[in-house]
Chemist: 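One structure, pasted below without further comment.
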Amino acid sequence: MTDLKEFLYHGTRSVWVRAASALLALLLLSGPARAQTNQAAAEDRELLDLLVLNPTELRLTGLFGRANLRKISDLYVAADYTGALDAYRGYLLDKLAANPVDRVFRLWHPINPDPKAADLLLDGVMMIGGKEVSIGHPGTVNWTYPLTNGYPINYLEFPAFELFTGLGFAPLLDVYTKTRDRRYLDRWVAYMDDWCANERYLSEVHGCLIPSPVNSRMGDGVLSFTALLSRFARAGIPSDESIPSRTLMRVLRKYLREMPLTSVAYTRSNPHNWTPTAAHVGIAMMYDEFRWAPTFMREGRRRNIEDNAVTQNLRDGSESQQCPWYNDNYVKAIHNLFSLFEIRDGYPAWTEPNWVREWTSDLDARDEMSDHLADRAAYQIHLRTARGERPIPFRGGDPRPAAFASYSVSPEAYRRPDVREILRAMSDPTFETSFNSEWFPYGGYNIVRDSWHVGPRSGHAAMFASPMPGSY
């Protein structure tokens, strides 16, 4: 009993001593230091409020089944905002290491940084459009280069992609991932903090007025950065050598707040000619714990997948854009989407957000998309010459190769007897197809051929005669 009393006395006393020491340390903080600490805590909470962390909301959204997310929620509720940010960094990197976006998505602009570009950035020089441009050191960057008038920026003008997307600094993080040379990470952090604070193009431009080349970089820009982050995550870098959690969340806030929502405004305001993409759906699934994710999913699903299918896909597999090369994008979009679905099919149902499970479990919708994809893939295989090119009236004046979807993209298309005949004729010079002419009445494409074989009998004639005004 005496030993127990001694233990309780000394144990309790030590707790009070530690508490008194902590209080004294807080009181000894100078006014500016205390203000800086409070400001950092306020920013940390603001960054964490981008996530669904309230326990009630976790249950309502279906995210409560994720144990690691619940741990972050506990830290948030306990007001340990720095700890919660660090925990989220680990959570996100683990998720991206397990589901690397660069192995799921066919990116329009994949990041393959040149190590030499990283060394240039240490000296304040960036590779822009293949040229070395002095952009200055962090804090001195002209974010509107090559424009000279600053903000606001006139319609149809825009800064260099490398600057307003932040991807021009990717070589720094890529080289650090491979070398662990701290100079590269420190410089990347300094530039990206500057980018978050001072780059304003997308926050100032009207979403309905951005040029098409800018819109094409929006969803792909987020996914390209996510691919870079996936490579970083797979490197297994210890937390004390990792990206500072506050910088990471600042960067994610800028990417997710500005790029997808700007693209949403663009596609909603465009009356006819928008390009289908699964990027918004991919962003929603990759960052499904963010509050914006359901909005990205809704817009990606309705405008880019469902609305596109009923307004641009015609019954013969052709498209209302009437540009065979341009609308190869539908094949890429649906293939990317199905790759995402395959990953999510492996998730336990109790860890899935309701708004994801609603779509992935809708087998009728998935069958309909698969049918549309098979029609488009078969159409691509038909709409070609024996030399593997688009016929002259359809190719916009340049000899675009008539690429078509692989078997893995749409096995259903490859099971069709007419497609089997074409593919056999392309590889067997002795085989003759039962047809040499094509007619796509809804799209207006007409082709007659001597044969599917390259040689003296490979002549063809093609005519484009649209039954309606096109969208392109």
Side-chain angles (χ1 to χ4, degrees), residues 106 275-276 308-338 367-472:
R106 295 167 62 188
T275 305
N308 186 280
V310 298
T311 60
Q312 293 192 20
N313 288 349
L314 303 179
R315 294 182 180 183
D316 54 8
S318 61
E319 78 309 302
S320 63
Q321 295 276 14
Q322 298 179 336
C323 177
W325 171 85
Y326 188 91
N327 229 7
D328 179 48
N329 297 319
Y330 184 80
V331 173
K332 296 174 182 176
I334 301 302
H335 180 48
N336 283 339
L337 183 66
F338 284 171
D367 283 345
E368 184 177 21
M369 288 187 289
S370 181
D371 290 343
H372 277 302
L373 181 60
D375 288 343
R376 178 59 52 81
Y379 155 76
Q380 287 183 322
I381 293 171
H382 278 267
L383 201 69
R384 50 194 286 114
T385 70
R387 297 182 182 276
E389 296 178 348
R390 299 285 181 222
I392 292 174
F394 313 150
R395 69 190 191 200
D398 56 319
R400 292 170 174 165
F404 55 87
S406 65
Y407 179 88
S408 62
V409 172
S410 179
E412 294 84 354
Y414 280 73
R415 295 191 189 106
R416 297 183 178 185
D418 53 328
V419 170
R420 289 289 182 93
E421 283 194 50
I422 295 172
L423 294 175
R424 181 179 174 184
M426 289 167 58
S427 59
D428 182 356
T430 65
F431 178 77
E432 295 291 344
T433 58
S434 60
F435 62 94
N436 286 328
S437 299
E438 309 279 4
W439 180 44
F440 296 93
Y442 292 94
Y445 305 105
N446 304 272
I447 313 170
V448 292
R449 304 179 186 83
D450 285 332
S451 168
W452 278 97
H453 303 303
V454 177
R457 295 183 56 247
S458 62
H460 72 277
M463 179 179 68
F464 176 70
S466 173
M468 59 183 177
S471 301
Y472 188 50

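Values in this document were obtained by computation on a predicted structure and should not be read as measured data. In what follows, residues are counted from 1 in the order of the sequence shown.
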Chemist: Is R387 atom CZ crowded by more than 12 heavy atoms from other residues, nucleotides or ligands, each under 6.0 Å away?
Modeler: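 Result for CZ/R387: open.
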Chemist: Does V331 reach the side chain of Q380, with side-chain heavy atoms less than 4.5 Å apart?
Modeler: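 SC-SC contact between V331 and Q380 confirmed.
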Chemist: Would a 4.5 Å heavy-atom cut-off, applied to side chains only, mark I422 and F404 as touching?
Modeler: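 No - every pair of side-chain heavy atoms lies 4.5 Å or more apart.
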Chemist: Evaluate the side-chain proximity of Y379 to D375: yes if any heavy-atom separation is below 4.5 Å, no if none is.
Modeler: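 Result no, sub-4.5 Å side-chain heavy-atom pair not found.
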Chemist: Which word best sums up how the rings of H382 and F435 line up, parallel for under 30°, tilted for 30 to 60°, or perpendicular for over 60°?
Modeler: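 Aromatic pair H382/F435 classed parallel.
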Chemist: Taking atom NE2 of H460 and atom OG of S437, what is their separation to the nearest 0.5 Å?
Modeler: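 Answer rounded to 0.5 Å: 12.0 Å.
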Chemist: Working note: F338 + M369, criterion side-chain contact (heavy atoms from CB on, under 4.5 Å); need CA distance, chi angles, decisive distance, verdict.
Modeler: CA-CA 9 Å; F338 284 171; M369 288 187 289; 3.9 Å; yes
Chemist: Would you check if the side chain of H453 reaches a backbone N or O of F431 as a donor-acceptor pair within less than 3.5 Å?
Modeler: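 A pair under 3.5 Å: yes.
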Chemist: Which pairs with one or both residues in residues 430-439 pass salt bridge (charged side-chain N to carboxylate O under 4.0 Å, His left out), sequence neighbours excluded?
Modeler: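 Listed once each, the pairs are E432-R457, E438-R449.
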Chemist: Rounded to the nearest 0.5 Å, how far does OG1 of T430 lie from CZ of R424?
Modeler: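 Rounded to the nearest 0.5 Å, the CZ-OG1 separation comes to 6.5 Å.
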Chemist: How many angstroms lie between atom CG of L383 and atom CG of D316, to the nearest 0.5 angstrom?
Modeler: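 Atom-to-atom, L383:CG and D316:CG are 10.0 Å apart.
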Chemist: Using the ring pair (Phe, Tyr, Trp, His ring centres under 6.0 Å) rule, pick out the option among Y445, F440, W439 that qualifies with F464.
Modeler: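 Of all the options given, the one that passes is Y445.
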Chemist: So, taking the atom named OG in S408 and the one named NE2 in H335, what distance separates them when rounded to the nearest 0.5 Å?
Modeler: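 The distance works out to 5.0 Å.
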Chemist: How far does CD of E412 sit from OH of Y407, to the nearest 0.5 angstrom?
Modeler: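 Interatomic distance, E412 CD to Y407 OH, rounded to 0.5 Å: 8.5 Å.
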Chemist: Spell out, as yes or no, whether a donor-acceptor pair under 3.5 Å connects the side chain of R384 to the backbone of E389.
Modeler: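 Here the side-chain-to-backbone pair does not exist.
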Chemist: Counting only heavy atoms from other residues, nucleotides and ligands, does the tally under 6.0 Å from OH of Y414 exceed 12?
Modeler: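 Atom OH in Y414 is packed in, count exceeds 12.
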Chemist: Which pair of heavy atoms, one from A386 and one from S451, lies closest together, and at what distance?
Modeler: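 Closest heavy-atom pair between A386 and S451: CB-O, 4.0 Å.
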